[in-house]
Colleague: 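Could you have a look at this structure, given as C-alpha cells, before my questions?
Computed from a predicted model, the values in this text were never measured in an experiment.
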Amino acid sequence: MEELDRLDAAYGLGAMPAPLPRRRGHSKTSLTVLLTGIVLAAVVLMHPAGPMQAVRRLVGLDDTRLLAAPTVKGQGGDYAFTMTQRGSEKPVGWDPCKPIRYQVNPAGEPDGGAELIEKAVARASAASGLAFEDAGTTQDRPFTERLVPVGTDRPVIIGWGTAAEFTKLTGDVAGIGGGAAEEGATGHRYFVTGGVALDTDVFTTAALENRPQVMEAIVLHEISHVLGLNHVEDPTQLMAAENIGQVDFGRGDLEGLARLGSLPCA
C-alpha cells in the first residue's frame, strides 16, 4: 500500500508509468521503417532499369538526355522562336529527356515521300540534339494549331493535304507546321505535340525526282517550326519567310536550334 500511495502522489490517481519495453519496441519499428525507406530511395536513384527511370522522372529526379546537347556557339545569324516562357525571352521547346514521337499519314503521299520525311527528321535531330521516334503510320490528320488536342495519343502528325483542308496552303505556301505546348510541374511550358501539312500540288512524284533538295528543305523548314523556330527576314537562313534557294540550315538556324535543344528536362 505504501508503494501505491507513492505512485499515486507521483503520477496522479490510478496512473502508472508507461512500460519502458514498449517504448523501445516503438523506437526499433521507427528505425526499421526509416532504414527501409533509405534503401528503397537508393534503389530508385541508382537502378538503371526503365521502370525505375520512370519513377525517377515522376518525382523529378532524372534528367538524362536522350542525345547530347548541341553547342550554343553564339556565332551570329538571325533566328526567332515561335513561343517564349511567360515573362521571359527563354524559348518554349521540347523535353530533351523524351523522344519526339511522330507519325506519318500516307494519304496523298508522292513516291519517295516517306524517305523524304525520314531524311528531314534525321537532319533536324542532328542539328537540335532532340531525339525523334518513328511511331509508324496513322489515319489521323496533321494538327497545326497551338491548342493541345484532348484525348489523343498526341504524336506529331506529318501528312499531305490541299488548301481545301488546310486554308494556309495558298499562294506560294508549300507547307505549314507548328507545335502545341503545355505547362509542366515546374511552371515552364514545353511542346507536347504538333503537325506538318505538305501541299500535294507542290509535293508530286516528279518534283521529288527533279528537285529533291528543295523538297527536303521545305519539310525541314516545317519540322523546325514544330521544334520552335519562327520565321526571320534574313534570306540566308532556312527559316526565312520567303525562301530564295536556301536548302540547308544557316548559322542563325543552327544557333536557334541549339538553344531549343539545350533546354533543361521537364
Colleague: Any ring-ring contact (aromatic ring centres under 6.0 Å, His included) pairs touching residues 104-131, not counting sequence neighbours?
Modeller: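 Pairs touching residues 104-131 that pass the test: none.
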Colleague: Do Ile157 and Phe143 have side-chain heavy atoms sitting under 4.5 Å apart?
Modeller: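 In short, these two side chains do not touch, never coming nearer than 4.5 Å.
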Colleague: Name all residues meeting the side chain to side chain donor-acceptor pair (under 3.5 Å) criterion together with Gln237; count only those two or more places apart in sequence or in a different chain, and write none if there are none.
Modeller: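 Gln237 satisfies side chain to side chain donor-acceptor pair (under 3.5 Å) with Asp234 once adjacent residues are dropped.
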Colleague: Any pair with a residue in residues 196-211 that passes salt bridge (Lys or Arg N to Asp or Glu O under 4.0 Å), sequence neighbours left out, goes on the list, sorted by first then second residue, please.
Modeller: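 For residues 196-211: none.
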Colleague: Between Trp94 and Val226 (side chain of the first, backbone of the second, donor and acceptor by atom type, cut-off under 3.5 Å), is there such a pair?
Modeller: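 A pair under 3.5 Å: yes.
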Colleague: Mind checking whether Pro70 and Leu257 have side chains closer than 4.5 Å, heavy atoms only?
Modeller: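 No. Closest side-chain heavy atoms not under 4.5 Å.
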Colleague: List the residues meeting ring-ring contact (aromatic ring centres under 6.0 Å, His included) with His225, not counting sequence neighbours, and say none if there are none.
Modeller: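 Expected list: His221, His231.
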Colleague: Could I get the full list of side chain to side chain contact (heavy atoms under 4.5 Å, CB included) partners for Thr71, not counting sequence neighbours?
Modeller: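 Scan of Thr71 (side chain to side chain contact (heavy atoms under 4.5 Å, CB included), adjacent residues dropped) gives Lys73.
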Colleague: In chain order, what residues pass the salt bridge (Lys or Arg N to Asp or Glu O under 4.0 Å) check against Glu109, with sequence neighbours excluded?
Modeller: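 Expected list: none.
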Colleague: For Thr170, check side chain to side chain contact (heavy atoms under 4.5 Å, CB included) against everything at least two apart and list the hits.
Modeller: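 So Thr170 forms a side chain to side chain contact (heavy atoms under 4.5 Å, CB included) with Ala163.
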Colleague: By side chain to side chain contact (heavy atoms under 4.5 Å, CB included), which residues pair with Lys119, not counting sequence neighbours?
Modeller: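 Checked Lys119 against side chain to side chain contact (heavy atoms under 4.5 Å, CB included); matches are Glu216.
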Colleague: What pairs with Glu233 under salt bridge (Lys or Arg N to Asp or Glu O under 4.0 Å), at least two apart in sequence or on another chain?
Modeller: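 Checked Glu233 against salt bridge (Lys or Arg N to Asp or Glu O under 4.0 Å); zero matches.
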Colleague: Among all residues two or more places apart in sequence or in another chain, which pass the side chain to side chain donor-acceptor pair (under 3.5 Å) test with Glu118?
Modeller: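 Applying side chain to side chain donor-acceptor pair (under 3.5 Å) to Glu118 gives none.
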Colleague: Please, which pairs that meet salt bridge (Lys or Arg N to Asp or Glu O under 4.0 Å) have at least one residue in residues 161-172, sequence neighbours excluded?
Modeller: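 Residue pairs with at least one partner in residues 161-172: Arg141-Glu165.
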Colleague: Taking the side chain as everything from C-beta on, heavy atoms only, tell me whether Leu238 gets closer than 4.5 Å to Leu220.
Modeller: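 Sidechains of Leu220 and Leu238: in contact.
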Colleague: Under a single-linkage definition using a 4.5 Å side-chain heavy-atom cutoff for Ile, Leu, Val, Met, Phe, Trp and Tyr, are Leu67 and Leu227 assigned to the same hydrophobic cluster?
Modeller: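 No, it is not one cluster - the side chains of Leu67 and Leu227 are not joined through contacts under 4.5 Å.
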Colleague: Using side chain to side chain contact (heavy atoms under 4.5 Å, CB included) as the criterion, list what pairs up with Arg259, not counting sequence neighbours.
Modeller: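 Arg259 satisfies side chain to side chain contact (heavy atoms under 4.5 Å, CB included) with Val72, Tyr79, Phe81, Glu255 once adjacent residues are dropped.
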Colleague: Mind checking whether Phe203 and Trp160 have ring centres under 6.0 Å apart?
Modeller: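 Yes, the ring of Phe203 comes within the 6.0 Å limit of the ring of Trp160, centre to centre.
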